[in-house]
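First comes the structure, then the notes that go with it.
In what follows, residues are counted from 1 in the order of the sequence shown.
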Amino acid sequence: MGVRKTVFGSSMEKKCFRKLTATWGKDYNIYHNLPFLLVFNGKSDLLSETLEPITLAEEEYELLKKTSIDFTICDKNDTPLVCVEFDGMQDGFNVGTKYYRRDGTSGKNGRRVMTELKLRVAHGSRFPYFVIGSEEFRGLSDTIRLNIADGLIGEVMSQRATDQQVKAGFDPSRCGYSAEEFEAFSPSQQSAVVGDWFDTVEIESDFKHNPIAREVARLAVELHETGNSTRFINCELHDPDKWVWVECGVTSRSNGSATAKVCLPDFKTPYCYFPIHLAIEIGHLLALEQLRLRRRKERKSSRANKMTRRGN
């Protein structure tokens, strides 16, 4: 027996943890390798606090006693908000409560059984629990440090913030109306005002809590974006029940146009049931980054030409 040189299972796991803390550590507490039942309640509570009853066999509960969670993001009061299972060995991902390997093979049966058990308990408890591999922690491009994991966490935090505001109820004063003015509107007018308010809440939550959405907004202004588009792609190489494909385009009055394709696992996770939204944001960001790099190259070329002319 002895003392390990590191508490991390691999150098890649340590690197991924460092990436999470760099992006999220300021506003959240991030923990590594917490026991599963330290995040989720005991057996009786697991069966009572869920949307649908979870039936656990005794041997399944014993398995949960022995397993842990790679990364858990909590608020500053240490309330769990989202869990991330890093599948560095098999490079798998989840679609709902099902586990798949990226290469399409079944992999080790024990790994799949344990992972799907954890997913079943977490998702049944309406809690966001992702299984992701190294690909989701890789920067979106050579020049973009943000990654898919950041986007998934951002989607969860944004949706949580939206739900909190919706739960607090609609306040017409936030839309510039007094209660009396709002009551005087027709039902259709009231519906339109509430709809506009909800859209605003979603946009503000995205901007505040999702770093990818925030970077898209910043670059769109910087590059004078004049329009964008999204095209859904059908790819024979990827099962549409497991993957989402999009092609996003952007145009700028001063920087031309660009397109980018994005493929993501269809995670279907609580607070991130529709990862197509994240795929579109990432595609938008990658297309804008192309315009930014093009502008930088053109400006560099222009400066070089000016220096040449001065030298002559």
When you look at K66 and E62, which way does the salt bridge (Lys or Arg N to Asp or Glu O under 4.0 Å) test go after all the steps?
CA-CA 7 Å; K66 303 172 184 177; E62 290 301 314; 5.5 Å; no
Could you report the tightest heavy-atom contact between [X] and [Y], atom names first, then the distance?
X    : Y    : answer
E13  : S10  : N-OG, 3.1 Å
T269 : P128 : CG2-CA, 3.6 Å
A287 : C248 : CB-O, 4.1 Å
F137 : A149 : CE2-CB, 3.8 Å
I30  : G25  : CD1-N, 3.9 Å
L81  : C74  : CD1-C, 4.0 Å

Could you measure the distance from the [atom1] atom of [X] to the [atom2] atom of [Y]? Nearest 0.5 Å is fine.
X    : Y    : atom1 : atom2 : result
Y28  : T79  : OH    : OG1   : 12.0 Å
H224 : R253 : NE2   : CZ    : 5.5 Å
R145 : R138 : CZ    : CZ    : 16.0 Å
T21  : N29  : OG1   : CG    : 11.5 Å
L152 : N147 : CG    : CG    : 9.0 Å
L264 : I276 : CG    : CD1   : 8.0 Å

Report yes if the side chains of [X] and [Y] come closer than 4.5 Å at any heavy-atom pair, otherwise no.
X    : Y    : answer
L286 : V262 : yes
L219 : L285 : yes
T97  : K268 : no
E225 : T251 : no

Looking at residues at least two apart in the chain, or sitting in another chain, which of them share a side-chain contact (heavy atoms from CB on, under 4.5 Å) with F198?
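Counting only residues at least two positions away or on another chain, F198 forms a side-chain contact (heavy atoms from CB on, under 4.5 Å) with T162, V166, E202.
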My understanding is that only residues two or more places apart in sequence, or in another chain, count here; which of them pass side-chain contact (heavy atoms from CB on, under 4.5 Å) with T143?
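Partners of T143 by the side-chain contact (heavy atoms from CB on, under 4.5 Å) criterion, ordered by chain and then number, come out as S141, E289, R292, L293.
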Should the pair [X] and [Y] be assigned to parallel (<30°), tilted (30 to 60°) or perpendicular (>60°) ring geometry?
X    : Y    : result
F185 : F182 : perpendicular
F93  : Y100 : tilted
F40  : Y129 : tilted

Main-chain N/O of [Y] paired to [X] side chain as donor or acceptor, under 3.5 Å:
X    : Y    : answer
R112 : Y99  : no
N228 : G249 : no
S252 : S254 : yes
R294 : S257 : yes
N94  : V131 : yes
K118 : S68  : yes
T200 : D196 : yes
R101 : D91  : no
S158 : D206 : yes
N33  : V7   : no

Going only through I, L, V, M, F, W and Y residues with side-chain contacts under 4.5 Å, is there a path from [X] to [Y]?
X    : Y    : result
Y273 : V201 : no
L119 : M89  : no
I280 : I233 : no
M12  : L140 : yes
F232 : L278 : yes

Assess the side chains of [X] and [Y]: does a donor N or O sit below 3.5 Å from an acceptor N or O?
X    : Y    : value
Y271 : E155 : no
E215 : H284 : no
R295 : Q290 : no
S173 : D171 : yes

Check whether more than 12 heavy atoms from other residues, nucleotides or ligands sit under 6.0 Å from atom [atom1] of [X], and answer yes or no.
X    : atom1 : answer
D142 : CG    : no
K19  : NZ    : yes
K76  : NZ    : yes
R218 : CZ    : yes

Run the salt bridge (Lys or Arg N to Asp or Glu O under 4.0 Å) test on R111 and D87 for me, step by step, so that the C-alpha distance in whole Å, both residues' side-chain angles and the decisive distance to 0.1 Å come before the verdict.
CA-CA 10 Å; R111 172 68 174 171; D87 191 32; 2.8 Å; yes
Can [X] and [Y] be counted as an ion pair, charged N to O under 4.0 angstrom?
X    : Y    : value
K242 : D266 : no
R102 : E136 : yes
E60  : R120 : yes

For a side-chain contact (heavy atoms from CB on, under 4.5 Å) check, start with the C-alpha distance between S205 and Q159, then their side-chain angles and the critical distance, and finish with the verdict.
CA-CA 7 Å; S205 294; Q159 188 60 56; over 6 Å; no
Verdict with supporting geometry, L117 and L63, side-chain contact (heavy atoms from CB on, under 4.5 Å)
CA-CA 9 Å; L117 172 60; L63 285 175; 4.2 Å; yes
Full working for side-chain contact (heavy atoms from CB on, under 4.5 Å) between S134 and F86
CA-CA 8 Å; S134 301; F86 174 59; 3.8 Å; yes
Assess the residue pair R174 and E204 against the criterion (salt bridge (Lys or Arg N to Asp or Glu O under 4.0 Å)); give the C-alpha distance rounded to whole Å, side-chain angles, the decisive distance to 0.1 Å, and a yes or no.
CA-CA 13 Å; R174 288 201 58 187; E204 290 177 345; 3.1 Å; yes
Step by step, would you call F71 with Y31 a side-chain contact (heavy atoms from CB on, under 4.5 Å)?
CA-CA 6 Å; F71 310 129; Y31 297 99; over 6 Å; no
Aromatic ring proximity F267/F130, centre distance under 6.0 Å:
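Yes, ring centres under 6.0 Å apart.
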Ring-ring centroid check W197 F170, cutoff 6.0 Å:
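Close enough - the centres of the two rings lie under 6.0 Å apart.
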